[in-house]
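Heads up: the structure comes next, in C-alpha cells.
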Amino acid sequence: MNIFNLYLEKIKSILIDLGKKKKIIIPETFDAINAEIPPPKFDCDISTNVAMVLSKINKTSPLELAERLVPEIKKNDGFIDIIKIEKPGFINIKFKALFWSNFTKDIIENSKNFGKNLKEKKYNYLVEFVSANPTGPLHVGHCRGAILGDVISNILIFNNHKVTKEYYVNDYGNQIINFTKSVYYRIREVKFNEDFPKDNPDLYPGDYLIEFAKNIVSSNSNFKFENYDDISEKLTILSIEQALLLIKKNLKSLGINHNNFVSEKSIVLNNEVENVVKFLEKNKFVYKGKIKAPAVENDNNWVEREQLLFKSTEFGDDKDRALQKSDGSWTYFASDVAYHKNKVDRKFDYLINILGADHAGYIKRISSSVEAISGKKDKLICKISQLVKLIKDNKPFKMSKRKGDYITVDDLIEEVGKDATRFIMLNRSSDVELDFDFDAVKEKSKDNPLYYVQYCYARISSVFRHINKDLNSEIEFDRYDFEYSRDEIKILKKISEWPKCIDSSSSKLEPHRIPVYLYELASEFHSYWNLGKQNPEKRFINKNNIISPDKLVFLKVVSNVIKSGMDIIGVDSPEKM
RNA sequence: GCGCUUGUAGCUCAACUGGAUAGAGCGCCUGACUUCGGAUCAGGAGGUUCUGGGUUCGACUCCUAGCAGGCGCACCA
C-alpha cells in the first residue's frame, strides 16, 4: 500500500467531484499535484500542495482554497486525526494511531507485494550491461556498471516487469585478432619455451593468458601449434571461450547472472550489418560523404575521405558517423547498429544500455540509430556509470597499464567480499564519481553502511530467536487494533516511504535510493532499540520472555522491508553476524 | 575549440520529477556500557547549495551566461 498515492487519488477524486459541482475550477492535468512526506518538524504524516497548485486558476489565495478543501478531505475519513493548513498553503494530515495499525495489517497480509508498484503498466525490457571485451578477466572498472545493470534489472523485476539481461560479446575485429595472437605467443611460450614478445604494444601482456594457453594446449593434444595461420580460426574460438569462462566466473562471484550472451561475430556473419544498412538506405538515413576533422589540437594526420555515413545529425548528433572503413569493412558502430536492430526486432518495449563514463560520447549516435530504426525517440535509455576511484591507506590507488597491474574482480571479492562491494558501489548516485576506500569497506562498524543495515536485521532476528519464533514464517492475527507509540509510528512512517522509494528508483533508474533508504530505516530502528536500555517498557521482550502482538507485527514489518530491499540490491541479510 | 557530465558543511555524499527552517556519515567536541548482541545510541559545533542574471506563490532542482573539475571528440572496440 502506497499511502501517498492513496491520498493523492483521493484528493483527485474530490477535485473532480467539486469540479462537476462547479465549486472549483480544475485544471486540464493534475500532474503538478502531489502527496509528499512532510518535513519532520510539522508532526504530520502526509502533505499536499493541491491548494497552491490550484489557487491561480481559481483566482484565490492558496490559504483560502485550502480552507475550502480541508473539510472535503476530512469528510468520511475515520483515519484522519488532525488536518492543518500551513504557511504558503500546504495541507498537512496526521493520522490516528489506528491508521498505523491498519497499515501494518495490510503489509502483513500482503508481505510479498509491499513496495511493488503493481498499478503501473508492465513492460518488456532488455537490459544490456557489462559487455566487456572477451579478452581477459573483469576488473574493478567493470564492476560498478555490472552491479548497476543487475540492480536496475532487479528493481524492474520487483515491479513485475519482464526483464532480459544481456551481455554483448565483442568477439570480432582487430582486437580479437591481437588477443588470439597473444594467446598464440603464450602457447609457444608454454610449449616451445619461447619468450613472449613483451615489447609488442599490440599484444595483451597479462599473465592470465598463460593459464589460457595451458588450458588450450592440454585440452587439444592432437592440435598442431607450430603454424599460427593453420590454426588461427580455431584458436580464436578457443581463446574467446577461455575469456568468457573467466568473465562468467567473475560475474557469478559478484552475484550476477545474464540471460543471454549475444555474439557480435554471429551478427556480422549473419549479414545483419548489410541488412541494417540496406534498411537505413531505404529510409534515406545513409549517404556517401566526408566527415570534418575534429577541432582537436595537433591533428595533422587527418585525411578527408569519402565513406558511407549515417545521418545521426538528423537526430541531434554533432556529426554524421562512419559505417564503413575506407577498405570497405564495417566499423564497430555499424555492427553495433545491427545489434540494436536485432534488439528492436525482438520486440522489447524498452532497451536499456549501461555504459561506462568513457563511452558517454557514444550515446548520441547509438540512440540516433535506434530512433532511425524504430521510429521511437525514447526506445533506448542509456545509463552512465561513473568512474570508481580506489583508495588504499588514504591514498588514491592507481591502476597502471603495465602488465597485470590492475585490480581484478577476483582480487576485490577476495579482499572485501561480494556484499560490501555491491552495497558500497550502489550507495551513491551512478552519475557521481565514487570513492571506493578499501579500508573503510572492510571495516566492521557503523562506518560501513552495509554492516549497519545488516546489524539491524540481525537484531530483529535475535529477538525472534529469544522467543523461539521463526522470522520467516507467516503470522496471523484476528484483530489489528494496536495503539502504536510515538516512537514506533515514527518508524512506521519511514516504512510507508518504501513504496515511494521503489517508485522513484524504478522510474529514474536510480538504484542508490535503496541503500540510502535502508540506511535511514536502520538508523531509526537502532535509535528505537537503544531506548529500551533506559526504559524497559520499550523493549520488545518483557520480563516473562513474552512479546506483545503489536511489537511482533512491528518487527515483522521492519524486517520484511529490510530483507526485501537487500534482496533487490543483491546483498545478504544474515540472521547472525 | 565542441559535446556530455559533476560542483551542496573541513572530507565523502543525500535531498522523494519545483515545496516548507537544505539532511546524513566521517572528522572534531560532550555524554550513555556487569550489552533484550555496544558492529549501538544521545547531544554540540559546522552552509551565500560554484558565480551572475532570469522563470514563479516557491529554485540545490528549470532556463541563460560564465567559472572550475572529470570524461569523450578515429576508419579503435
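Residue numbers begin at 1 in each chain, while the letters A, B, ... track the order of the sequences.
At the heavy-atom level, Q534(A) lies under 4.0 Å from the strands shown only through sugar-phosphate atoms. At a threshold of 4.0 angstrom between heavy atoms, the contacts of S462(A) include nucleobase atoms, whether or not backbone atoms are also involved. At a threshold of 4.0 angstrom between heavy atoms, the contacts of E575(A) include nucleobase atoms, whether or not backbone atoms are also involved. Looking at heavy-atom distances under 4.0 Å, A440(A) makes no contact with the nucleic acid at all. The residue S326(A) sits close to a base: some heavy atom pair falls under 4.0 Å. At the heavy-atom level, H359(A) lies under 4.0 Å from base atoms of the strands shown. The residue Y362(A) sits close to a base: some heavy atom pair falls under 4.0 Å.
The side-chain heavy atoms of M566(A) and F423(A), taken from C-beta on, include a pair separated by under 4.5 Å. Side chains of W330(A) and L308(A) form a contact here, defined as non-hydrogen atoms less than 4.5 Å apart. Between V130(A) and I354(A), every side-chain heavy-atom pair lies at or beyond the 4.5 Å cut-off. Using a 4.5 Å cut-off on side-chain heavy atoms (C-beta onward), Q454(A) and P574(A) make contact.
Here rC76(B) presents its C1' atom at 11 Å from CG of N170(A), a figure rounded to the nearest Å. Remark: C1' of rC76(B) and OH of Y172(A) are 15 Å apart, rounded to the nearest angstrom. At whole-Å resolution of the value, CG in N448(A) and C1' in rG25(B) are 12 Å apart. Rounding to whole angstrom units, CZ of residue R459(A) and P of rU40(B) are separated by 8 Å. Following rounding to the nearest Å, Y455(A) (OH) and rU40(B) (P) show an atom-to-atom distance of 7 Å. We find that NZ of K364(A) is positioned 15 Å from C1' of rG72(B), with the value rounded to whole Å. Look at CG on L65(A): it is 15 Å from P on rC57(B), rounded to the nearest Å. Per the geometry, CD1 belonging to I546(A) stands 19 Å off P belonging to rC36(B), to the nearest Å.
Comparing E510(A) and S55(A), the nucleotide of RNA chain B nearest to each residue sits closer to the 5' end for E510(A). Mapping H526(A) and W330(A) onto RNA chain B via the closest heavy atom, the residue that lands nearer the 5' end is H526(A).
A gap of 7 Å separates the C1' atoms of rC63(B) and rU55(B), to the nearest Å. Taking the P atoms as reference points, rA15(B) lies 13 Å from rC62(B), given to the whole Å. The gap from the P atom of rA74(B) to that of rG18(B) amounts to 36 Å, rounded to the nearest Å. Look at the C1' atom in both rC33(B) and rG37(B): the space between them is 13 Å, to the nearest Å. Taking atom C1' in both rC67(B) and rG52(B), the straight-line distance is 11 Å, to the nearest Å. When the C1' atom is compared between rC60(B) and rC41(B), the two are found 31 Å apart, to the nearest whole Å. A gap of 24 Å separates the P atoms of rC28(B) and rG23(B), to the nearest Å. Rounded to whole Å, the separation between the C1' atoms of rG7(B) and rU48(B) comes to 15 Å.
Salt-bridge formation is detected for the pair E64(A)/R68(A): a Lys NZ or Arg NE/NH1/NH2 atom is positioned less than 4.0 Å from an Asp or Glu carboxylate oxygen. Salt bridge status for E520(A) with K494(A): present, with a side-chain N to carboxylate O gap under 4.0 Å.
For W529(A) and rG38(B), the shortest distance from a side-chain N or O to OP1 or OP2 is below 4.0 Å. Look at K533(A) and you won't find any side-chain N or O under 4.0 angstrom from OP1 or OP2 of rC41(B). The side chain of Y451(A) contributes no N or O atom lying less than 4.0 Å from OP1 or OP2 of rG25(B). Note on N530(A): every side-chain N or O is 4.0 Å or more away from OP1 and OP2 of rG38(B). For the pair K325(A) and rA77(B), the criterion of a side-chain N or O lying under 4.0 Å from OP1 or OP2 is met.
Nucleotide rA65(B) forms a pair with rU51(B), judged by Watson-Crick or G-U wobble geometry with both contacts under 3.5 Å. In this structure, rG37(B) makes no Watson-Crick or G-U wobble pair, since no nucleotide meets both defining distances under 3.5 angstrom. Under the Watson-Crick or G-U wobble criterion, with both distances below 3.5 Å, rG58(B) is left unpaired in every strand shown. The partner of rA14(B) cannot be assigned: no Watson-Crick or G-U wobble pair with both contacts below 3.5 Å exists in any strand. Summarising the base pairing, rG3(B) is matched to rC71(B) through a Watson-Crick or G-U wobble pair whose two defining distances lie under 3.5 Å.
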(Q) Under the criterion side-chain hydrogen bond (donor to acceptor under 3.5 Å, both in side chains), I'd like the reasoning laid out for E488(A) against Y528(A): C-alpha separation, chi angles, the key distance, then a yes or no. (A) CA-CA 8 Å; E488(A) 288 156 348; Y528(A) 179 59; 2.7 Å; yes

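In the set rU12(B), rA15(B), rA39(B), rA39(B) carries the atom at the smallest distance from any side-chain atom of M577(A). With rG25(B), rC36(B), rG72(B) as the choices, the nucleotide that has an atom nearest any side-chain atom of Y519(A) turns out to be rG25(B). The nucleotide whose nearest atom lies closest to any side-chain atom of I541(A) is, among rA14(B), rA32(B), rC36(B), rC36(B). For D435(A), the listed nucleotide lying nearest its side chain is rU12(B); candidates were rA77(B), rU12(B), rA15(B). Side-chain atoms of V516(A) lie closest to rA14(B) of the nucleotides rA77(B), rA14(B), rC73(B). For H466(A), counting side-chain heavy atoms from C-beta on, the closest listed nucleotide (rA32(B), rC36(B), rU40(B)) is rC36(B).
For the pair N49(A) (side chain) and A32(A) (backbone), a donor-acceptor distance under 3.5 Å is present. The main-chain N or O of T60(A) is never found under 3.5 Å from a side-chain atom of N58(A) such that the two would form a donor-acceptor pair. Listed for the K493(A) side chain is a donor-acceptor partner under 3.5 Å among the backbone atoms of C44(A). Using a distance-only test at 3.5 Å, with no hydrogens or angles considered, a donor-acceptor pair links the side chain of K556(A) to the main chain of L471(A).
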Listed pairs, N/O of protein and of nucleotides 17-21 of chain B, under 3.5 Å:
unit_1, atom_1, unit_2, atom_2, d
rU17(B), O4, S507(A), OG, 3.2
rG19(B), N7, N49(A), ND2, 3.3
rA20(B), O2', K41(A), NZ, 3.1
rA20(B), N6, S47(A), OG, 2.4
rA20(B), N6, N92(A), OD1, 3.2
rA20(B), N1, N92(A), OD1, 3.3
rA20(B), N1, N92(A), ND2, 3.2
rU21(B), OP1, K87(A), NZ, 3.3

What pairs of nitrogen or oxygen atoms, one from the protein and one from nucleotides 3-7 of chain B, lie under 3.5 Å apart?
none

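A side-chain donor from one of D336(A) and Y362(A) sits under 3.5 Å from a side-chain acceptor of the other.
Distance CD/E166(A) to CD/E128(A): 7.0 Å, rounded to 0.5 Å.
Using cut-offs of 30° and 60° for the angle between ring planes, the W529(A) and F525(A) rings count as tilted.
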